[in-house]
Amino acid sequence: MLILSGGTGTPKLLQGLKELLDNFTVLVNTGEDLWLNNLYVSPDVDTVLYTLSDLINEETWYGVRGDTFHTHEQLKKLGVDEFLRIGDKDRALKIQKTLLLNRGYKLSEAIEIQRKALGVKYKVLPMTDDRVETKILANIDGRKELLKFHDFWIKRKGEVEVLDVIYENSLYAKPPEEFYKLSFDKVIIGPSNPITSIFPILSIEDIKKELMKKKVLAVSPFIGSSPISGPAGKLMKAKGYESSAVGVYQCYKDFLDILVIDEKDKELAREIGCEVYTTNILMKSLEDKIRLAKEILELL
Ligand SMILES: C[C@H](OP(=O)(O)OP(=O)(O)OC[C@H]1O[C@@H](n2cnc3c(=O)[nH]c(N)nc32)[C@H](O)[C@@H]1O)C(=O)O
Ligand SMILES: O=c1nc2n(C[C@H](O)[C@H](O)[C@H](O)CO)c3cc(O)ccc3cc-2c(=O)[nH]1
Ligand SMILES: [Mg+2]
């Protein structure tokens, strides 16, 4: 089983799947990775590692539950304002990843070392060992500007007009070597943001080519015309997709076999050209996550 993931929606589903499955591989978005004061930050990978090792802070869906922020606060006092609030335990994981990368390890090799160190039994692969950067083409005071994802989402709080989203260098990027050794025939695209969490993964040609040959199920991150959280709605529109479960089908229709949508959207099924399964797709409790995971596994 291969699961495509960003850093919030799919990790919730992973909490359900890991109660039901002994093994799967998570292929994680790295389009939002960044160097922050010489520290390599891979937000979606770190959230997946923390989710699979039961360390994740479920209030924020990043960082370690109960972490302290001494270094972050001291840096601010000294005049270094990290725009991401990085906890002390979380910083250790990022420092180790940075050390390994600086010693020439590939990102996938560094993640493999960290997965084992955290006692995660599931495989976690970055979508590439190359650098693919998601950039947001925005209208800033009448001028077109290409923003880094974190500039768009954290500094500007996503409050800009989005004209397009691009995946820089995806034309040349390859999946990690490990990807070619995987044997799987089923794929779950979790309820992550199709535009900035799943499309970066699909922008890597060999990954999309592989999905065309597999049985693929996706879970909608939308109910009605709104995402359950975050900027997916405006990003979908910027890329010309409907901000709805129908738009999610449009994003994945080249290879999608089953789309799981919310029961409130059941009348949309006639506009969706693959098998549709309606259920409650909101995951609040662990029971919700296990229930949804169970329904998905029965469908695949
Ligand atoms: C900023 C955020 O990106 P990221 O943190 O990487 O998150 P993902 O792309 O993995 O997921 C965001 C995506 O998740 C959907 N969501 C959240 N909670 C639920 C839920 O309980 N059920 C469900 N079906 N989807 C859920 C949400 O609508 C978001 O679109 C980002 O891009 O939002
Ligand atoms: O919106 C925020 N996202 C934070 N994120 C999440 C992340 O940068 C983005 O929100 C995700 O990339 C969205 O996909 C962090 C991720 C980490 O791995 C470590 C620290 C942070 C800190 C923040 C933060 O302060 N604010
Ligand atoms: Mg993300």
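Atoms within each ligand, like the ligands themselves, are counted from 1 in listed order.
Minimum-distance N/O/S atom of Glu32 relative to the Mg ion (ligand 3): OE1.
Close approach to Gly230 involves these atoms of ligand 1, each under 4.0 Å from a residue heavy atom: 33 (O). Those atoms of ligand 1 that come under 4.0 Å of a heavy atom in Pro231, given as number and element, are 31 (C), 32 (O), 33 (O). In summary, the atoms of ligand 1 found under 4.0 Å from a heavy atom of Trp153, numbered by their order in the structure, are 1 (C). Within the listing of ligand 1, atoms 6 (O) sit less than 4.0 angstrom from a heavy atom of Asp44. For ligand 2 and Asp90, the ligand atoms under 4.0 Å from any heavy atom of the residue are 19 (C). Heavy-atom proximity to Pro227, at under 4.0 Å, picks out these atoms of ligand 1: 28 (O), 30 (O).
The shortest contact between atom 14 (O) of ligand 2 and any protein heavy atom is with Glu32 OE1, 2.5 Å. Nearest to atom 22 (C) of ligand 2 among the protein's heavy atoms is Tyr62 CE1, 3.3 Å. Of the protein's non-hydrogen atoms, the one nearest atom 18 (O) of ligand 2 is Lys94 NZ, 2.9 Å. In this structure, atom 3 (O) of ligand 1 lies nearest to the protein heavy atom Ser197 OG, 4.3 Å. Of all protein heavy atoms, the one closest to atom 25 (O) of ligand 2 is Arg85 N, 3.0 Å. Summary of contacts: the protein heavy atom closest to atom 5 (O) of ligand 1 is Thr8 OG1, 2.7 Å. Here the protein heavy atom with the shortest distance to atom 18 (N) of ligand 1 is Lys12 NZ, 2.9 Å. Closest to atom 21 (O) of ligand 1, if we only count protein heavy atoms, is Met283 N, 2.8 Å. What sits closest to atom 30 (O) of ligand 1 on the protein, heavy atoms only, is Ser229 O, 3.4 Å. In terms of protein heavy atoms, atom 10 (O) of ligand 1 is closest to Ser192 OG, 2.7 Å. With respect to atom 24 (N) of ligand 1, the closest heavy atom belonging to the protein is Ser220 O, 2.9 Å. The shortest contact between atom 2 (C) of ligand 2 and any protein heavy atom is with Ile154 CD1, 3.2 Å. Among protein heavy atoms, atom 32 (O) of ligand 1 sits closest to Asn193 ND2, 2.8 Å.
Side-chain contact between Asp130 and Tyr172 is absent, with no heavy atoms from C-beta onward closer than 4.5 Å. Put simply, the side chain of Met127 reaches to within 4.5 Å of the side chain of Pro200, judged on heavy atoms. By the 4.5 Å heavy-atom criterion applied to side chains, Asp254 and Lys208 are counted as neighbours. Contact annotation: the side chain of Asp257 never approaches that of Lys214 to less than 4.5 Å [non-hydrogen atoms, C-beta and beyond]. Put simply, the side chain of His150 reaches to within 4.5 Å of the side chain of Leu84, judged on heavy atoms. The side-chain heavy atoms of Asp206 and Tyr180, taken from C-beta on, include a pair separated by under 4.5 Å.
Annotation: Pro191 places an N or O atom under 3.5 Å from an N or O atom of ligand 1; distance criterion only. Residue Ile281 has at least one nitrogen or oxygen atom sitting less than 3.5 Å from a nitrogen or oxygen atom of ligand 1, judged on distance alone. The shortest N/O to N/O separation between Gly7 and ligand 1 falls below 3.5 Å. Where the criterion is an N or O separation shorter than 3.5 Å, residue side chain and backbone included, Ala232 fails it with respect to ligand 1. Considering backbone and side-chain atoms together, Gly9 places an N or O closer than 3.5 Å to an N or O of ligand 1. At under 3.5 Å, a nitrogen or oxygen of Ile228, whether backbone or side chain, sits near a nitrogen or oxygen of ligand 1.
Distance check for atom 13 (C) of ligand 1: a protein heavy atom is found below 4.0 Å.
Asp22 and Lys121 are joined by a salt bridge, as a carboxylate oxygen and a charged side-chain nitrogen come within less than 4.0 angstrom of each other. Using a 4.0 Å cut-off between charged nitrogen and carboxylate oxygen, Lys289 and Glu58 count as a salt-bridge pair. Look at Glu178 and Lys106 and you find no salt bridge, because none of the NZ, NE, NH1 or NH2 atoms lies under 4.0 Å from a carboxylate O. Salt bridge status for Glu298 with Lys294: absent, with no side-chain N to carboxylate O gap under 4.0 Å. Under a 4.0 Å N-O distance rule, the pair Glu159/Lys157 does not qualify as a salt bridge. Using a 4.0 Å cut-off between a side-chain N of Lys or Arg and a carboxylate O of Asp or Glu, Asp67 and Arg91 do not qualify as a salt bridge. Taking 4.0 Å as the cut-off between side-chain N and carboxylate O, Arg270 and Glu267 do not count as a salt-bridged pair. With salt bridges taken as basic N to acidic carboxylate O contacts below 4.0 Å, one links Glu112 and Lys116. Residues Lys266 and Glu263 are not paired through a salt bridge, judged by the lack of any N-O separation under 4.0 Å between the basic side chain and the carboxylate.
Counting heavy atoms closer than 4.0 Å to ligand 2, residue Thr60 contributes nothing at all. At a heavy-atom cutoff of 4.0 Å, ligand 2 is contacted by no atom of Thr196, backbone or side chain. With a 4.0 Å cut-off on non-hydrogen atoms, Trp153 touches ligand 2 through its side chain and not its backbone.
For the residues His150, Lys157, Lys155, Arg91, the heavy atom positioned nearest atom 9 (C) of ligand 2 is part of His150.
Stacking of Lys155 on the aromatic ring of Phe83 is recorded, both the 6.0 Å distance cut-off and the 45° axial limit being met.
The shortest heavy-atom distance from Trp61 to ligand 1 is not under 4.0 Å.
A 6.0 Å sphere centred on CZ of Phe69 holds more than 12 heavy atoms belonging to other residues, nucleotides or ligands. At most 12 non-hydrogen atoms from other residues, nucleotides or ligands lie less than 6.0 angstrom from NZ of Lys89.
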